[in-house]
Amino acid sequence: MPELPEVETVVRDLNQSGICGCRIKAVTIKWPRTIDGSTPEAFTEAVRGKTIKLVQRRGKYIIIHLCNENRIYIHLRMTGKLQMHPKEFQAGKHDHVVFTLNSGRQLVFNDTRKFGRITMSAEVPPNVAALGPEPLEREFTKAWLQAALSGKSRAIKPLLLDQSFIAGLGNIYVDEALWQARIHPERNSRTITHAEADGLHRAIRTVLKRGIKNSGTTLGNGESNFYSVAGHRGRNADQLKVFRRDGEPCPACGTTIQRLVVGQRGTHICPQCQG
DNA sequence: AGTCTTGTTCGACT
DNA sequence: CAGTCGAACAAGAC
């Protein structure tokens, strides 16, 4: 499940692969519904022959800047992957869009469940414009979080998953951050004290930075799992304290970790630490 | 057969 | 009217 650290890993790997300066020689779209906001024909027309200037991340979006002011916005959703093949290859069942670069390499968008979307636009798309602050940038401060939490009145977990509140968090890192901050996922944001908000601020940054340092979280062995550009697994799964560890002892106090459902999402807590 | 996954959209409710 | 929240949806693996 690509969240901020996984998307950041992909963006870094793409930049490291030397993709900037490459020209997109051809685009093959095998599953047209992957392309959002324009027809596959218009997409191909706008992208073909253009040079890639820059790859960056905003929230869970990968943004590829082209030389003609157009940008390609890629959202991996649950099972989307970008992979770089050194030369032409036989596209597999879940390879939906193939970008052939002038070096002969092929950048492939692969997505088992077909939820991922690719948009091309010179304007910032509405849902990207609506994203909340980046938790690893300076704009995300303790003072902002304190004020923002007291300005809302919702369960803290669904609020943190709301991309217009804060960008980039998903189910894994929210559970991990709330455990570290010792806050129950159903606590109303308005009741969270300033001291708790400070702890949550630190926890969010800690779990995200750790995730990036470990090149993301790859949970199982299935092909629908997260793998970065070169096919590498993330090493962060071992660092998870509660996510999908129900039945195991809490690393802090030894109490058995519980699974519950909050806002229709599977949620993992230590009932002692987060009571 | 049912569950699980993300984020958006829509409708209901306060 | 604004904020909140649940249901539905897309698609396939397990």
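Quick note on labels: first sequence line is chain A, next is B, and so on, each numbered from 1.
At a cut-off of 3.5 Å, with distance as the only test, a side-chain donor of R187(A) or T191(A) sits close to an acceptor on the other residue. Under the 3.5 Å distance criterion, with hydrogens and angles disregarded, a donor-acceptor pair is assigned to the side chains of D198(A) and Q146(A). When only modelled atom types and interatomic distance are considered, K213(A) and N236(A) share no side-chain donor-acceptor pair under 3.5 Å. For T267(A) and K157(A), the side-chain atoms include at least one donor-acceptor pair closer than 3.5 Å.
With sequence neighbours left out, the ring pair (Phe, Tyr, Trp, His ring centres under 6.0 Å) criterion links F109(A) to no other residue. H184(A) pairs by the ring pair (Phe, Tyr, Trp, His ring centres under 6.0 Å) definition with nothing, not counting sequence neighbours. Not counting sequence neighbours, H65(A) has no partner by the ring pair (Phe, Tyr, Trp, His ring centres under 6.0 Å) test. Scored by the side-chain contact (heavy atoms from CB on, under 4.5 Å) test, R113(A) finds M78(A), T79(A), F115(A), S224(A) as partners (sequence neighbours excluded). Looking at residues two or more places apart in sequence or on another chain, you find no side-chain hydrogen bond (donor to acceptor under 3.5 Å, both in side chains) involving N68(A). For F165(A), the ring pair (Phe, Tyr, Trp, His ring centres under 6.0 Å) partners two or more places apart in sequence, or in a different chain, are W144(A).
Rounded to whole Å, the distance from CG on D246(A) to C1' on dT3(B) is 14 Å. Rounded to whole Å, atom P of dT5(B) lies 15 Å from atom CD of E6(A). For the pair I74(A) CD1 and dT6(B) C1', the computed distance is 17 Å after rounding to whole Å. Protein atom CD1 of I35(A) is 19 Å distant from nucleotide atom P of dA10(C), rounded to whole Å. What separates CD1 of I172(A) from C1' of dT5(B) is a distance of 10 Å, to the nearest Å. Computed from coordinates, the R259(A) CZ to dT3(B) P distance equals 11 Å when rounded to whole Å. The distance between atom CD1 of I62(A) and atom P of dT6(B), rounded to the nearest whole Å, is 16 Å. To the nearest angstrom, C1' of dC4(B) lies 11 Å from NE2 of H268(A).
Y227(A) has its ring centre no less than 6.0 Å from the ring centre of H232(A).
Applying the ring-ring contact (aromatic ring centres under 6.0 Å, His included) test to pairs two or more places apart or on separate chains, those with a residue in residues 234-275 of chain A are F243(A)-H268(A).
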Q) Please, what dot-bracket string fits DNA chain B when only Watson-Crick and G-U pairs with both distances under 3.5 Å count, crossing ones use [ ] and pairs to another strand use |? A) .|||||||||||||
N/O to N/O distances under 3.5 Å, protein versus nucleotides 12-14 of chain C:
unit_1, atom_1, unit_2, atom_2, d
dG12(C), OP1, K114(A), NZ, 2.6
dG12(C), N2, R113(A), NE, 3.3
dG12(C), N2, R113(A), NH1, 3.1
dG12(C), N2, R113(A), NH2, 3.3
dA13(C), OP1, H94(A), NE2, 3.4

Give each protein N/O atom lying under 3.5 Å from an N/O atom of nucleotides 3-7 of chain C, with the pair distance.
unit_1, atom_1, unit_2, atom_2, d
dT4(C), OP1, S153(A), N, 2.7
dC5(C), OP2, R154(A), NE, 3.1
dA7(C), N7, Q264(A), NE2, 3.1

Q: Spell out protein contact along nucleotides 8-14 of chain B as letters: B when the base is contacted, S when just the sugar-phosphate is, - when no protein heavy atom is under 4.0 Å; keep the 5' to 3' order.
A: S------
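The residue R244(A) sits close only to the backbone: its heavy atoms come under 4.0 Å of sugar-phosphate atoms, none of a base.
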Hey, can you pull the donor-acceptor pairs under 3.5 Å for the side chains in residues 36-44 of chain A, sequence neighbours left out?
unit_1, atom_1, unit_2, atom_2, d
T39(A), OG1, A42(A), N, 3.0
T44(A), OG1, P40(A), O, 2.8

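Both L136(A) and I204(A) sit in one connected hydrophobic cluster of ILVMFWY residues. Membership requires side-chain heavy atoms under 4.5 Å apart, directly or through other members.
Under the stacking criterion of a centre-to-centre distance below 5.5 angstrom and an interplanar angle below 30°, F115(A) sits stacked against the six-membered ring of dA10(C).
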